[in-house]
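As structure tokens, the structure follows; a few thoughts come after it.
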Amino acid sequence: MSWADATRLFRSFALRTALLTAAGVLGISAFGLGLGWLRSSAALQDVLDRTITAEADQLLREYRRAGPVGLARAVEARMRDTTPSAILVMLRAADGGRLAGAAALEVAPLPLRGFVTGTPTGIPTAGADGPLRLLGVPLPGGLTLIVAAEMRAVLDTAATLASTQLMTGVVAVAMALGFGLFTAWRLERRLRAISAAAADVMRGDLSRRLPLAGTTDEFDRLTATMNALLARVEALMQGLRQVTVDVAHDLRGPLSRLRQRLEAALAQPRDAPTDTATIEAALGELDAVLASFAALLRIAQLEAASPGAAPQPVVDLSALVTTLTEAYAVAAEEAGKALSADIVPGQTVRGDAGLLRQLLANLVDNALAHGGPGIRVTLRPGPILEVADNGPGVPPAEREAVLRRFYRLDRSRGTPGSGLGLAIVAAAARWHGATLHLADAAPGLRVTVDLSPAAS
Amino acid sequence: MRILVIEDDTATGDYIGKGLREAGHVVEVARTGKQGLLLAVAGPWDVIVADRMLPAPDGLAILRTLRASGIATPVLMLTALGEVERRVEGLDAGADDYLAKPFAFSELRARIAALARRPAVVAAEPTLLQVGDVQLDLLKRSVRRGDQPIELLPTELRLLEFMMRRPDQVLTKTMLLEGVWELNFDPSTNIVEVHVSRLRRKLAREGAPAPIHTIRGAGYVFGRIA
């Protein structure tokens, strides 16, 4: 692992969590193990005290039976019996002088009553090593019975216990830390795989997808979401590429023709009326090209965007269709055709009024330009919008293709038109979540736009 | 008229400035958004023409500042091709009209004229429109010329009403498509031409042709020729 890797690991979220856990473990260990040690030590101390008390009780029974003399004899006997021993006994006079028992206890504090922990100083006596636990029992006549025991055993045990607890704590913390590092490392590896794949994508390989570990855990879910995102990006990029290709390919034609026309005109001698006509015609062609550009941009925008989360305004579709068909009916009549409408009132839809107008206008434009003498616009509840003509129609094989940009039927080539009208209709319909359907009107073409909410 | 043009593209700014001056207007061309805003606020202007895409502050920001300062000067916004959605945004921000580049100069001229004519305060809604001897009863939705009633289809009446509300102004095809039928694009069917020719036919009287004139390369005028 390089230094860079190490520092990155240090800043890792997983590692910090692991350290936090280790700190928690440390805290709990310290508390629990410490408490355990204290209570164990206290218990050991307690056992020692009981032993001392039992010893004292035995001697006091002797005192009750045989008075101070009997006690002194018992004390001496006890000392003789148990040397070297952890138990020391002494009988002391009121003035502090030793009457019987261990000389080592002469230095015990005066007066002595109850339990006390003390250290004998200066007097090296066999069996008196380290701190002593002393019990002083006052007796009538100023006498004191002192029973003492070495604490060494207790202390040794307590020390052993402490070191065991400490080791346990250290091991626990070390394990927590180790586990944390391990988890961080595993996480790092998972994430690195994803990062590497993402880097590939950014270098331009849009078809790459991130690897799934197959564990269906949160990382896999995240990866799946990112893959969906990548798919969308790929689709958008493809769409964008398509537009660029379409523009380059299909607008080159009109612009080349325009150039030829202008070049030819330039070669002619200057003549104001002819030149004016040429310039006007050129402007007209340029306008057509610009209109194509605008349409292409519009289609691209519609394909790239969706209406968004905010609900679209409600559009009075019946009114919109009525106004537009009335306007087109007049134009149709002038062209020697008939446009009839069958519009159910009160139909509304959520969407963009401008887009819907463009959608309908393009369909009727198409019908007027390429359809037969009879055109019918229908608005049914749904709402479902239909434009049908009784012309030559579109062959079933080409019904999908006509929706593509610049696609023109063979028989339509040479007639005015950019080939973008139906592409806009398709994009506008999709934007609204509507379905578009081309069918045979027997004869002719029927285009159905289903704007009902269930259609999407 | 005093017209302020805010356009950072030198060629376009010169083109617009020159054209408007030739039409007899007093024109100032600002080359940056900042300069434009300063001049706009200093005023007074009859119309402001502003490019939407300017280096900060952009056209929309200038517009908002103007409206926030209570300046009600009509503003025509110039936008790049394919900015259809931005139209609503611009209109909401206070623009009075929108024109996409590239545009025909006659279109710009006609729209500026229309903006300048707009009354600052909306008068009470008239019930009768009269231009010359053509009368349009807005309540009854009926038309007469002189004492002769004229039968018009609803769609023809829409166009007539729009034109009669703007007498003696040049109305371009685009303005008519937008204003009468709310079509913000150019359909391939010649809706405007067809409606105008039918109106002419129906309004024509013996010795008195319909008061609809075609201004070549620009549009139509209802009433006297401007």
Side-chain angles (χ1 to χ4, degrees), chain A residues 276 279-280 283-284 286-302 305 308 313 319-320 322-335 337 339 352-370 375 415-418 420-421 424, chain B residues 79-92 98-107 141 151-162 172-174 176-202 216-218:
Chain A
T276 307
I279 293 173
E280 281 178 348
L283 280 172
L286 276 172
D287 282 343
V289 169
L290 285 166
S292 284
F293 268 117
L296 282 171
L297 276 168
R298 192 81 179 106
I299 295 170
Q301 281 165 357
L302 288 173
L320 187 153
T322 305
T323 309
L324 218 51
T325 44
E326 281 176 356
Y328 268 98
V330 160
E333 202 183 302
E334 293 296 300
K337 301 192 175 185
L339 190 153
D352 184 299
L355 259 182
L356 290 166
R357 282 194 195 97
Q358 193 161 10
L359 187 152
L360 180 58
N362 278 10
L363 285 176
V364 182
D365 278 342
N366 243 38
L368 280 172
H370 307 292
I375 299 148
T415 66
S418 59
L420 290 171
I424 294 182
Chain B
T79 69
L81 203 61
E83 291 268 296
V84 175
E85 293 107 33
R86 304 292 195 93
R87 213 190 141 80
V88 176
E89 200 186 14
L91 292 170
D92 281 345
Y98 245 69
L99 187 56
K101 294 193 270 188
F103 48 81
F105 192 79
S106 54
E107 187 79 43
R141 311 301 297 173
E151 280 300 311
L152 288 182
L153 293 171
T155 189
E156 292 163 342
L157 204 133
R158 289 171 86 100
L159 175 60
L160 183 63
E161 180 180 346
F162 186 86
T172 65
K173 190 174 89 163
T174 328
L176 291 171
L177 284 168
E178 285 171 17
V180 180
W181 294 286
E182 293 180 273
L183 297 173
N184 295 326
F185 56 91
D186 194 359
S188 49
T189 309
N190 55 350
I191 298 188
V192 173
E193 283 95 327
V194 162
H195 279 75
V196 167
S197 73
R198 283 174 75 114
L199 261 186
R200 276 189 172 134
R201 266 206 312 271
K202 292 194 175 181
R216 213 173 125 72

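Note that the structure is predicted; figures quoted are calculated from it, not measured. Throughout, a chain's letter reflects where its sequence line sits, starting with A, and its residues are numbered from 1.
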Please report the interatomic distance CZ(F103(B)) to CG(L290(A)), rounded to the nearest 0.5 Å. 12.5 Å
In terms of side-chain geometry, is the basic nitrogen of R158(B) or E326(A) positioned less than 4.0 Å from the acidic oxygen of its partner? no
If you define the side chain from C-beta out and look only at heavy atoms, does anything of V364(A) sit under 4.5 Å from T189(B)? no
Tell me the closest heavy-atom pair linking R357(A) and W181(B), and the distance in Å. CD-O, 3.7 Å
Output the distance between atom CD (E182(B)) and atom CG (L324(A)), rounded to the nearest 0.5 Å. 10.0 Å
Applying a strict 4.5 Å limit to non-hydrogen atoms, the region of L283(A) in contact with chain B is neither
For S188(B), side chain to side chain donor-acceptor pair (under 3.5 Å) partners two or more places apart: D365(A)
Partners of F105(B) by ring pair (Phe, Tyr, Trp, His ring centres under 6.0 Å), sequence neighbours excluded? Y15(B)
Separation between CZ (F185(B)) and CG (N362(A)), nearest 0.5 Å, reads 6.0 Å
Note: H195(B) and A327(A) closest approach over all heavy atoms is CE1-O, 3.2 Å
Which of T323(A), D287(A), L320(A), L286(A) touches chain B most, by non-hydrogen pairs under 4.5 Å: T323(A)
Report yes if some heavy atom in the side chain of E333(A) is under 4.5 Å from a heavy atom in the side chain of R198(B); otherwise report no. yes
